[in-house]
Amino acid sequence: MRRSSIVAVSLIIEFLAGLYLMLFDKYLYTFARYHWDGMVIYTIVNLVLFAGILKTGKRSLIRFSTVWSFLGVLGMILDALLGLPFSYFSNPNGISYKAISSGVGYKYLFGFGSGFSVLYTSIAFTILLLFSIVTLVTSIRAAGKPEAAK
């Protein structure tokens with residue numbers, strides 16, 4: 001399988017995980033609207049990149065997916081570490097040091113059903129994070145290979 005195809009498959013899995021979160025995470029839209037908006041943008045761009053890479057395999061799209069995935073991974077990790085800033089879980093106006101020290105972001109995103117965490121939200125978020133990392137690593141490798149250029 002060509003690396004550009006692996007990038008495309010990884011992007012569609014990210015799209016599906018993001019779509020699941022947008023549709024079924026019962027707290028995302030209500031209590032974390034900025035996060036929901038971000039998820040919409042991330043998911044749409046992943047779908048566009050998937051279609052473009054699958055159709056053309058252009059190196060420029062693969063390079064953009066590297067940057068895009070890096071930003072996504074960074075955002076997801078920061079969300080967990082900073083206690084879901086700009087949400088009602090933390091502080092709707094910014095960052096809450098209490099949310100950081102209590103680990104509210106980590107508990108919600110990776111709680112897998114314990115406490116106020118929802119099992120399927122944690123599973124979908126973990127899939128999204130892992131496949132964003134797969135996209136990042138694979139697209140770095142694919143962008144430098146001649147097979148990626150069309």
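The analysis underlying the following values was restricted to heavy atoms, covering all of them including side chains, and did not include hydrogens, waters or symmetry mates. In this chain, numbering begins with 1 at the start of the sequence shown. Keep in mind the model is a prediction, meaning the values are calculated, not measured.
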Atom of [X], atom of [Y] and distance for their closest heavy-atom approach:
X	Y	value
Ala142	Ser4	CB-N, 4.2 Å
Met76	Phe125	CB-CZ, 3.5 Å
Thr138	Arg3	CG2-O, 3.7 Å
Arg63	Ala143	CG-CB, 3.7 Å
Ser90	Ile95	OG-C, 4.5 Å
Ser87	Ala32	CB-CB, 3.7 Å

Let me check something: do [X] and [Y] share a hydrophobic cluster, defined by ILVMFWY side-chain heavy atoms less than 4.5 Å apart, either directly or through other members?
X	Y	value
Ile41	Met22	yes
Met39	Tyr120	yes
Leu19	Leu119	yes
Phe86	Phe31	no
Leu28	Val40	yes

So how far is it from [X] [atom1] to [Y] [atom2], rounded to the nearest 0.5 Å?
X	Y	atom1	atom2	result
Ile100	Asn91	CD1	CG	10.5 Å
Asn46	Leu128	CG	CG	7.5 Å
Leu11	Leu16	CG	CG	11.0 Å
Tyr29	Leu23	OH	CG	12.5 Å
Glu14	Leu129	CD	CG	9.5 Å
Lys55	Leu61	NZ	CG	11.5 Å

Angle class for the Phe112/Phe110 ring planes (parallel below 30°, perpendicular above 60°, tilted otherwise)?
tilted
Within a radius of less than 6.0 Å around CZ of Phe116, do more than 12 heavy atoms belonging to other residues, nucleotides or ligands occur?
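More than 12 within 6.0 Å, yes.
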If we ignore angles and hydrogens, is there a donor and acceptor under 3.5 Å between the side chains of Ser132 and Tyr42?
yes
Exercise: do Tyr108 and Asp25 side chains pair donor with acceptor under 3.5 Å:
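Yes, Asp25 and Tyr108 have a side-chain donor paired with an acceptor closer than 3.5 Å.
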Let me see the working for Val45 and Phe64 under side-chain contact (heavy atoms from CB on, under 4.5 Å), right down to the final yes or no.
CA-CA 10 Å; Val45 172; Phe64 183 74; 4.0 Å; yes
Other than Leu130, what residues sit in its cluster of Ile, Leu, Val, Met, Phe, Trp and Tyr side chains whose heavy atoms are under 4.5 Å apart, directly or through others?
none
Would you say the side-chain atoms of [X] pair up with the backbone N or O of [Y], donor to acceptor, closer than 3.5 Å?
X	Y	value
Thr30	Tyr27	no
Ser101	Lys98	yes
Ser10	Phe131	yes

With sequence neighbours excluded, tell me which residues meet side chain to side chain donor-acceptor pair (under 3.5 Å) with Ser139.
Thr66
Determine whether Thr121 and Leu21 make a side-chain contact, defined as any pair of heavy atoms from C-beta on separated by less than 4.5 Å.
yes
Could you check if a side-chain atom of Leu136 sits within less than 4.5 angstrom of a side-chain atom of Ile140, using non-hydrogen atoms only?
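When only atoms from C-beta onward are counted, Ile140 and Leu136 do touch, with a gap below 4.5 Å.
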Determine the sole option in Leu78, Asp79, Leu84 for which the side-chain contact (heavy atoms from CB on, under 4.5 Å) test with Leu82 is passed.
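When side-chain contact (heavy atoms from CB on, under 4.5 Å) is applied between Leu82 and each of Leu78, Asp79, Leu84, only Leu78 qualifies.
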Keeping to residues at least two apart or across chains, list the salt bridge (charged side-chain N to carboxylate O under 4.0 Å, His left out) pairs with something in residues 30-41.
Arg33-Asp37
